[in-house]
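Being a predicted model, the structure only gives us computed values, none of them experimental. Proteins come first, then strands; the chains are lettered A, B, ... in the order of their sequence lines, and each starts at number 1.
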2 protein chains.
Amino acid sequence: MDFKESLIQYFGFSERDWEETASRFLPETLPARSLFLEQGNIATRLAYLRSGMMRSFIYDDQANDITTQFFKQGSVVISMKSFNDQVPSRENIITLEECEIDVITYERMQELTGLVPAWRDIAKHVDEFKYNALMNRSIQLQTLTASERYQLFIKKHPDILQRVALKHIASYLGIDIATLSRIRKSI
Amino acid sequence: MDFKESLIQYFGFSERDWEETASRFLPETLPARSLFLEQGNIATRLAYLRSGMMRSFIYDDQANDITTQFFKQGSVVISMKSFNDQVPSRENIITLEECEIDVITYERMQELTGLVPAWRDIAKHVDEFKYNALMNRSIQLQTLTASERYQLFIKKHPDILQRVALKHIASYLGIDIATLSRIRKSI
DNA sequence: GTTATTATTTGACTTTTGTCAAACAACCGC
DNA sequence: GCGGTTGTTTGACAAAAGTCAAATAATAAC
């Protein structure tokens, strides 16, 4: 089911609602390794990822590049705090491959929630989905060993494993790259 | 500034808004070590914690009690996923001391968002605040050593340290209790 | 294609963290 | 205030994870 159909089915969109929505999402193609959002800037846009893959990352206190999220096909690409509150972002979002996205600006999204009230519910759903994902991730970091975290990751995201550099997976899991290499050998 | 004043000041509440609000929050006193929410149940209530302290916890796959949050005076006590979506909770919430709370049920909260639209914004604020807190926590678990996590914790929450059993702080930080004891000796 | 860059693996070693068991300390309920 | 329960510390040890440096391997840029 595509985007339009799911809006109609799950959020009761009318044809008119869909038109207001579609006219505000603009298709765009980003080359590989290009920044969608840079830290320090206010997130002015949100994207639906039609194809390709992105990741978000921060720099820790030793300036290490730490991956905090992976975005794959079908994901909503957003820095929640920065976009929702219009404050400078702590995180960067960068493409890992060429990406096809549908982009909406903060202003257009404001219009849209005015015109199509169901967009409030969608936004709430997205926020809650992201919150739950983060909660699960947090509990995993809190309770699992490095090896367990990696094994769970490949089980849940075999597709990401194929397409992303191991060093990004390592930092995402909070594991040193050399340690991850040894974990991989041992299983 | 108390609750009423901040609603008037930050959310433009009228006297009427306040009355609708106040009549739906019921004061209650919970004894120490009593469950506010038990896993498997749907969270029917949300509380504002006037005094006392609570924690949320889950059981991991080895049935260890893992603390996931501390709630202190002034916090909103809620299991977000369970309350917002009205699904069974994975987490438990329990008092650590006698607590004075103001409680509102899910139904009353629904009424309130209908009568006082600003409550939508407040709910959004609370959700975002919790999301940001979780994001910070997650990054700490991902990037800091056990000792660094503990030192940051005592710096940010000296008050909790005084009032909560070390084993709960240990599980919250993802550290074995014996290891935490040694970390404490070393600093 | 070739070279330069970047990513991954591996070895040798150190440090950090966990495990198990026992001792000690604090707290609770009667 | 006593006895039992629960919480914390400690020792001896084992396992997990990190560090540094070098060797390979893979990839990107020309």
Side-chain angles (χ1 to χ4, degrees), chain A residues 30-35 52-53 55 57 59-67 70 94-99 139-154 160-187, chain B residues 30-35 52-53 55 57 59-67 70 92 94-98 139-154 160-187:
Chain A
L30 299 179
R33 285 173 300 287
S34 62
L35 281 172
M53 191 159 243
R55 71 184 180 100
F57 66 100
Y59 293 104
D60 70 7
D61 35 339
Q62 282 122 167
N64 299 307
D65 169 328
I66 307 291
T67 295
F70 292 108
I94 194 168
T95 60
L96 290 161
E97 315 167 347
E98 182 176 289
C99 289
I139 290 172
Q140 286 162 24
L141 288 166
Q142 188 181 354
T143 60
L144 302 182
T145 65
S147 175
E148 289 167 337
R149 296 198 298 277
Y150 176 68
Q151 293 189 54
L152 193 58
F153 182 86
I154 57 179
I160 297 182
L161 184 62
Q162 299 310 318
R163 292 157 74 183
V164 169
L166 284 173
K167 63 174 184 174
H168 295 144
I169 295 173
S171 80
Y172 178 75
L173 296 174
I175 307 172
D176 186 274
I177 174 67
T179 299
L180 179 60
S181 182
R182 293 190 174 93
I183 287 170
R184 282 161 57 78
K185 196 165 65 162
S186 79
I187 60 178
Chain B
L30 299 178
R33 285 173 299 287
S34 61
L35 281 172
M53 190 159 245
R55 71 184 180 100
F57 66 100
Y59 294 104
D60 71 7
D61 34 338
Q62 282 122 170
N64 300 308
D65 169 328
I66 307 289
T67 294
F70 291 108
N92 305 274
I94 194 167
T95 60
L96 290 161
E97 316 167 345
E98 182 176 290
I139 290 173
Q140 286 162 24
L141 288 166
Q142 187 181 354
T143 61
L144 302 182
T145 65
S147 176
E148 289 168 338
R149 295 199 296 278
Y150 177 68
Q151 292 189 54
L152 193 58
F153 183 86
I154 57 178
I160 297 182
L161 183 62
Q162 299 310 317
R163 291 157 74 184
V164 170
L166 284 174
K167 63 173 185 174
H168 294 145
I169 295 173
S171 79
Y172 178 75
L173 296 173
I175 307 173
D176 186 274
I177 175 65
T179 299
L180 179 60
S181 181
R182 293 189 174 94
I183 287 170
R184 282 161 57 79
K185 196 165 63 162
S186 78
I187 60 178

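Between D65(A) atom CG and dA7(C) atom C1' the separation is 13 Å, expressed in whole Å. Between the OH atom of Y150(A) and the P atom of dA16(D) there is a distance of 17 Å, given to the nearest Å. One can place CD1 of I183(B) at 12 Å from P of dT9(D), the figure rounded to the nearest angstrom. Between the P atom of dT17(C) and the CD atom of Q142(A) lies a distance of 15 Å, rounded to the nearest Å. The distance between atom CD1 of I169(B) and atom P of dT9(D), rounded to the nearest whole Å, is 11 Å. Summarising the geometry, the separation between CD on Q151(B) and P on dT16(C) is reported as 12 Å, rounded to the nearest angstrom. Rounded to an integer number of Å, the gap from I175(B) CD1 to dT8(D) C1' is 15 Å. Put simply, CZ on R149(B) is 12 Å from P on dA17(D), counting in whole angstrom units.
Nearest-nucleotide positions on DNA chain C for A178(B) and A178(A) put A178(A) closer to the 5' end. Each of K185(A) and R33(B) was assigned the nucleotide of DNA chain C with the nearest heavy atom; the assignment lying further toward the 5' end belongs to K185(A).
Residue L180(B) is classed as having no contact, given no heavy-atom separation below 4.0 Å to the nucleic acid.
Considering only side-chain atoms of L166(A), the nucleotide from dT9(D), dT17(C), dT8(C) that sits closest is dT8(C). Closest to the side chain of D176(B), from the set dT8(D), dG18(C), dT8(C), is dG18(C). Side chain of A146(B), nearest nucleotide from dT17(C), dG18(C), dT10(D): dT17(C). Of the candidate nucleotides dT10(D), dA7(C), dA12(C), dA7(C) has the atom lying nearest to any side-chain atom of K167(A). For R182(B), the side-chain atoms get nearest to dA12(D) when compared with the rest of dT10(C), dA12(D), dT9(D).
Judged by distance alone, with hydrogens and angles left aside, the side-chain atoms of S181(B) form no donor-acceptor pair with the main-chain N or O of I177(B) at under 3.5 Å. Listed for the T95(B) side chain is no donor-acceptor partner under 3.5 Å among the backbone atoms of E98(B).
Aromatic pair F57(A)/Y172(A): ring centres not closer than 6.0 Å.
When the side-chain nitrogen and oxygen atoms of T179(A) are compared with OP1 and OP2 of dA17(D), none of them lie within a distance under 4.0 Å. Neither OP1 nor OP2 of dT16(C) sits under 4.0 Å from any side-chain N or O of T145(B). Contact annotation: R184(A) side-chain N/O to dT9(C) OP1/OP2 distance is under 4.0 Å.
Salt bridge D176(A)/K167(A): absent, no basic N to carboxylate O contact under 4.0 Å.
Between the CD atom of Q151(A) and the CZ atom of R184(A) there is a distance of 12.0 Å, given to the nearest 0.5 Å.
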